[in-house]
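Below: the structure, in structure tokens.
If you're wondering where the values come from, they're calculated on a predicted model, not measured in any experiment. Here is how names work: the chains are called A, B, and so on, in the same order as the sequence lines, proteins then strands, and each is numbered from 1.
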Protein chains: 2
Amino acid sequence: MSSETAPPAERATGPGSRGRYPKGVKRRQEILDRAIEVFAEVGFEGASLRAVGEAIGVSHAALRRYFATREELFLEVLREKDRQAIAEARGRDDSRLGLAESLDDYRSTVPGLMALRHSMVARALELGNERSRDFFRTRYASLRAEALSTLLLAREAGVVRADIPLEAAAALLIATLDGLSTQWLLDPGVDIHGGIVLLERLLEPAPAPR
Amino acid sequence: MSSETAPPAERATGPGSRGRYPKGVKRRQEILDRAIEVFAEVGFEGASLRAVGEAIGVSHAALRRYFATREELFLEVLREKDRQAIAEARGRDDSRLGLAESLDDYRSTVPGLMALRHSMVARALELGNERSRDFFRTRYASLRAEALSTLLLAREAGVVRADIPLEAAAALLIATLDGLSTQWLLDPGVDIHGGIVLLERLLEPAPAPR
DNA sequence: GTCTATACAGGGATAGAC
DNA sequence: GTCTATCCCTGTATAGAC
């Protein structure tokens, strides 16, 4: 049952708590950063704990002082990338849908990291990997919530049809980004941008009557 | 470099060729069928070659007489499932889009096999796995082609708007099925059916004016 | 022709020394 | 905190029995 072996610096990253281990969190962040680089280079399968450790100049066993398991390290990498993406996304929030920008976010990540995300989602779908499952379930939930609020604004601004259920539309938006990216990753000839703008157009209120 | 060690029964499955090994192809098919069962039970990660071999009552080394590599076995499983799906899909081809039916196809597959497909796509995105890459690239290409011809029929029947690029719409359809399924697999509370019918409605010619 | 036996390199997890 | 040593599992590869 793997009953809670109490990983050291688990939830000790909050800034305003009691006593911290400044050395510890710093090292942890360093591992995270180097791990991202390794993923970007060799992808998910190539990024063994030993490979990551070697890139830092540390044995693979040492990594487990900061990340209880390989899966945990992977999830933390994704969390970190999400944080970075959110930080970059600030400041360009208008009432437009802005799907093209979301797409650029998606694509800006190096190929290795895109593969990482896909591999992690796949793992989350497997039996057993509850941690990954929970992570992605809440991640997609918040993605949908974010899309929903954007859609609400867009509808008020009049750029989205008023007769469609926005919850379904939100799920549809996220699904489109995911699915088109998959096809584009497999075959760069696929016009992913065309698919995005098509969906954006389909959501618009009235097709110009002529 | 792994320079072509000539796998035995590689392309010897065609029915009308020269001399066959009837015993061989039968055994191969048996392995395939049992492998599908194992995948359905334990998923992608749990289905090691040794596990599959054990389920058949054979050593793992024996499997490699029929499938040059683990990846090859996996791909063959997916090919087999595709064949079955195509066979079942015959007979219900009207001019409707029929997305709901496609969804049922998607869902009918046991969880383990859905995870298998996702895991294989993820692997195909990784560097190196060219076989998987090729398989899914052509697979998605033919899925899009199929969707395109369906969309053409639907447009002629008047159930799809005439002012949209159907190639982009085809990619969008496939992407939606993929993406929504991912969300639904992670969280059964997601109304995947709602997303599908929404897209179908968005593609319809004119929203009832009122 | 088909399969078992066996070896190899590499993976993640873990225990205990320093 | 980090290491080394070890365990058990994986896919791959080869030799040889029948």
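Looking at A/Glu126, its side chain does come within 3.5 Å of a backbone N or O of B/Phe44 through a donor-acceptor pair. Under a 3.5 Å cut-off, the side chain of A/Arg155 and the backbone N or O of A/Val160 do not form any donor-acceptor pair.
Residue B/Glu71 places its CD atom among more than 12 non-hydrogen atoms of other residues, nucleotides or ligands, all under 6.0 Å distant. More than 12 heavy-atom neighbours from other residues, nucleotides or ligands sit within 6.0 angstrom of CD on A/Gln84. In this structure, A/Glu45 places its CD atom where more than 12 heavy-atom neighbours from other residues, nucleotides or ligands lie under 6.0 Å away.
Put simply, CZ on B/Phe44 is 12 Å from C1' on D/dG11, counting in whole angstrom units. At whole-Å resolution of the value, CZ in B/Phe74 and P in D/dG11 are 7 Å apart. Note: CG (A/Leu73) to P (C/dA13) measures 10 Å, nearest angstrom. Between the CD atom of B/Glu45 and the P atom of C/dG12 there is a distance of 12 Å, given to the nearest Å. Protein atom CD of A/Glu54 is 10 Å distant from nucleotide atom P of C/dG11, rounded to whole Å. Between B/Leu63 atom CG and D/dA13 atom P the separation is 14 Å, expressed in whole Å. Regarding A/Tyr66, its OH atom lies at a distance of 8 Å from the C1' atom of D/dT2, rounded to whole Å. In this structure, the CZ atom of A/Arg70 is 15 Å from the P atom of D/dT10, given to the nearest Å.
Between A/Arg27 and D/dT2 there is a side-chain N or O to OP1 or OP2 distance below 4.0 Å.
At a cut-off of 3.5 Å, with distance as the only test, a side-chain donor of A/Gln29 or A/Asp33 sits close to an acceptor on the other residue.
Two rings, from B/Phe74 and B/Phe67, have their centers 6.0 Å or more apart.
Exactly one residue among B/Arg139, B/Glu80, B/Arg131, B/Arg70 makes a side chain to side chain contact (heavy atoms under 4.5 Å, CB included) with B/Leu75. That residue is B/Arg131.
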Short N/O separations, protein against nucleotides 14-18 of chain C, under 3.5 angstrom:
residue: C/dT14; atom: OP2; partner: A/Arg64; partner atom: NH2; Å: 3.1

Can you name the atoms? Protein N/O to nucleotides 7-9 of chain D N/O, anything below 3.5 Å, with the distance.
none

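A salt bridge links A/Arg137 to A/Asp134: one of the charged nitrogens lies within less than 4.0 Å of a carboxylate oxygen.
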